[in-house]
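Position 1 is the first residue of the sequence; numbering continues from there. In each ligand, atom 1 is the first atom listed, and ligand 1 is the first ligand listed. Below, all heavy atoms of this structure are taken into account, side chains as well, without hydrogens, waters or symmetry copies.
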Amino acid sequence: MDVSVSQVEIPTVDADLLAVGLCEGEELPAEFALAPGAADAKGGFKKLAMLHPERPTRVLVVGLGKRKELDAERARIAAALAAKEAGKLSATSIAWALPSSEDDAALAEGLVTGTILGAYRFDRFKGKDPDDPEPSVLDSLTLLAPDSVAGTAEAARVCAEAQNRARDLQSLPSNVATPSFLARRAREIASAHPAVSTEVLGREEIAAKKMGGLVAVSQGSTEEPKLIVLRYDGGGSGKTLGLVGKGVTFDTGGISLKTPAGMHEMKMDMSGAAAVLEAVGAIAELGLAIDLVAVVPSTENMPSGTAIKPGDIITQYNGKTVEVNNTDAEGRLILADALAYAIELGAERVVDIATLTGAVMIALGSSYAAVISNDDVLAAEVEQVGRETGELVWRLPLHHEYKALMKGTVADLTNAAAKRKAGTISAASFLEEFVGETPWAHLDIAGTAWDVGRAYTGNDANGFGVRLLTALAQSLAA
Ligand code: BES
Ligand code: MN
Ligand code: ZN
């Protein structure tokens with residue numbers, strides 16, 4: 001989407017639709033007070049009214065609620081509602097008058113993010129309507145705002161568009177978005193940015209490196225696994241940040257097969273990978289002064305005659321042995337190798353992001369992702385950027401008693417605890433065995449990657465993590 005910041009007067013604005021916000025108990029701008037439709041304008045949050053003044057011809061009034069509650073998140077929601085209205089009107093351009101507030105930058109970010117995410121559609125597999133061969137696309141946003149927000153608006157555009165690309169990766173079915181497809185996407189990102197390089201290992205190289213977790217999970221599938229490494233050299237003077245994303249392109253559960261209901265959603269078990277790949281792209285596009293090493297282990301998890309079986313014992317990349325008592329707890333096996341590898345490649349602090357446990361949906365629903373960390377400073381940074389981006393995270397604890405749940409009976413570890421206790425934390429406790437003393441934060445996004453239902457996310461894939469990881473890189477850049 002083309003995003004620009006302009007200071008033109010409202011009557012001269014050149015857009016198919018102008019959106020203005022109205023807070024509860026406040027008056028419309030004088031130029032619209034007498035326009036047809038003005039009597040319907042309400043300040044209640046999410047209330048919509050269409051006005052028809054002479055110039056511009058269509059003005060959408062979006063209720064913003066109480067002024068003291070007006071923040072970036074409300075702006076995202078308001079903007080998404082306006083983008084949906086623009087869609088109904090087949091408008092291809094929208095202008096937003098920045099509501100007055102104490103934090104112009106926060107609202108500008110919210111309006112840009114909400115417009116771009118709200119206008120997103122995944123319809124490439126739908127047949128074209130013969131009467132409307134080219135459905136209209138909202139492709140231009142003008143913010144009527146002071147020039148001081150131009151940088152913020154541009155950064156928000158970059159992040160939101162990267163997030164929409166992550167949504168595409170999530171939504172693409174597993175027969176399209178294979179591990180090889182994700183590897184090609186990584187190469188595309190690297191070729192678009194001189195500071196990004198990539199290296200991809202295939203089945204034989206993964207085996208030769210003795211990445212036993214990725215070998216075990218992928219051995220049931222004829223689809224070739226890929227271990228994707230992306231490096232970004234931003235010339236930072238701080239610590240190298242490692243990003244690790246779970247890239248299971250389809251999770252059947254393996255021999256510990258899942259039930260059919262909802263299994264199709266497991267095409268999105270690569271949501272962490274999507275977030276990492278597209279965040280690296282956004283970070284590079286923004287030119288942030290940080291050095292990154294991103295590792296994406298990608299595979300299908302399939303049952304077959306060659307699949308790993310419950311009780312099999314494997315040796316992970318760092319030498320620890322694991323009894324695979326449940327082949328559906330596959331994410332931790334591939335992340336374990338990837339975390340150890342990222343640290344070996346130079347990550348001095350590391351964040352992993354994964355649709356790891358159904359239990360996190362029970363604990364936190366779709367409003368917060370879980371963050372679990374061995375480092376209070378890193379955890380606090382992640383919580384802070386979560387608040388800023390609206391990609392909220394809630395910290396859950398680590399404790400040696402949880403670690404004890406993951407002890408193996410005949411190997412060092414088990415991948416599935418015997419009792420169904422603390423599913424999200426016990427998974428993280430397993431991962432903790434592979435990071436040593438390196439500051440690490442684990443994000444469990446199984447509840448937040450899709451089916452969230454905010455105005456700007458919808459209920460489908462929402463690219464959770466792209467803005468969070470990019471904002472984290474921004475805040476750690478030095
Ligand atoms: N990919 C799933 C977790 C998941 C479930 C994500 C639902 C999104 C929606 C993961 O691989 C898994 O199957 N986890 C198991 C672990 C258990 C066997 C210890 C789970 O959560 O049930
Ligand atoms: Mn699974
Ligand atoms: Zn999984």
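When non-hydrogen atoms are compared, ligand 1 lies under 4.0 Å from the backbone of L356 (N, CA, C, O) but not from its side chain. Using a 4.0 Å cut-off between heavy atoms, W450 contacts ligand 1 through its side chain alone, with no backbone atom that close. Only the side chain of D269 comes within 4.0 Å of ligand 1, judged by heavy-atom distances. When heavy-atom distances to ligand 1 are checked against a 4.0 Å cut-off, M268 has no atom that comes that close, whether in backbone or side chain. For R420, no heavy-atom contact with ligand 1 is shorter than 4.0 Å. Heavy atoms of E265 found under 4.0 angstrom from ligand 1: none, in either backbone or side chain.
Of the charged side-chain nitrogens involved, at least one lies within less than 4.0 Å of a carboxylate oxygen, so that K309 and D312 count as a salt-bridged pair. With respect to E330 and K246, a salt bridge is recorded, a charged nitrogen being found less than 4.0 Å from a carboxylate O. A salt bridge is absent between E224 and R203; no separation between the charged side-chain nitrogens and carboxylate oxygens falls under 4.0 Å. E109 has a carboxylate O that lies under 4.0 Å from a charged side-chain N of R76, or vice versa, which qualifies the two as a salt bridge. Taking a cutoff of 4.0 Å between a charged side-chain nitrogen and a carboxylate oxygen, K66 and E69 do not qualify as a salt bridge. A salt bridge links R395 to D376: at least one charged side-chain nitrogen sits closer than 4.0 Å to a carboxylate oxygen.
A side-chain contact (heavy atoms from CB on, under 4.5 Å) with V393 is found for exactly one of L443, L364, D444, namely L443.
Counting backbone and side-chain atoms alike, D251 contributes an N/O/S atom closer than 2.8 Å to the Zn ion (ligand 3). Taking backbone and side-chain atoms together, D269 has no N/O/S atom less than 2.8 Å away from the Mn ion (ligand 2). Metal site remark for the Zn ion (ligand 3): K246 contributes an N, O or S atom at a distance under 2.8 Å.
In terms of protein heavy-atom proximity, atom 15 (C) of ligand 1 is closest to D328 O, 4.0 Å. Scanning the protein heavy atoms around atom 7 (C) of ligand 1, the nearest turns out to be M361 CE, 3.3 Å. The protein heavy atom nearest to atom 22 (O) of ligand 1 is G358 N, 4.5 Å. The single protein non-hydrogen atom nearest to atom 6 (C) of ligand 1 is A446 CB, 3.6 Å, given as residue, atom name and distance.
In terms of distance to the Zn ion (ligand 3), the nearest N, O or S atom of D269 is named OD2. The atom of E330 that is an N, O or S and sits closest to the Zn ion (ligand 3) is OE2. Looking at D251 and the Mn ion (ligand 2) together, the shortest N, O or S contact belongs to OD2. When the Mn ion (ligand 2) is compared with the N/O/S atoms of E330, atom OE1 turns out nearest.
Ligand 1 places these atoms under 4.0 Å from at least one heavy atom of N326: 18 (C). With ligand atoms numbered from 1 in the order given, ligand 1 contributes 11 (O) to contacts under 4.0 Å with heavy atoms of E330. Per-residue contacts place D251 under 4.0 angstrom from the following atoms of ligand 1 (heavy atoms of the residue considered): 1 (N), 2 (C), 10 (C), 11 (O), 13 (O). Taking a cut-off of under 4.0 Å to the non-hydrogen atoms of R332, the atoms of ligand 1 that pass are 16 (C), 19 (C). Contact atoms of ligand 1 toward T355: 1 (N), 2 (C), 3 (C), 6 (C) (distance under 4.0 Å to a heavy atom of the residue). Every atom of ligand 1 with a heavy atom of K246 under 4.0 Å away is listed here by number and element: 1 (N), 10 (C), 11 (O).
In this model, no donor atom of one side chain and acceptor atom of the other lie less than 3.5 Å apart for T252 and N301.
Selection from K258, M266, M263 by nearest heavy atom to atom 8 (C) of ligand 1 gives M266.
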Under the side chain to side chain contact (heavy atoms under 4.5 Å, CB included) rule, what do T438 and E348 come out as? Steps first, then yes or no, please.
CA-CA 6 Å; T438 306; E348 293 164 291; 5.7 Å; no
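Using modelled atom types, one side-chain atom of R167 and one backbone atom of A461 make a donor-acceptor pair closer than 3.5 Å. At distances below 3.5 Å, at least one donor-acceptor pair connects side-chain atoms of D337 with backbone N or O atoms of L214.
Below 30°, between 30° and 60°, or above 60°: for F122 and F125 the angle between ring planes is between 30° and 60°, a tilted geometry.
Residues T249 and L182 are in side-chain contact: their nearest non-hydrogen atoms beyond the backbone lie under 4.5 Å apart. Using a 4.5 Å heavy-atom cutoff, the side chains of W440 and L431 are in contact.
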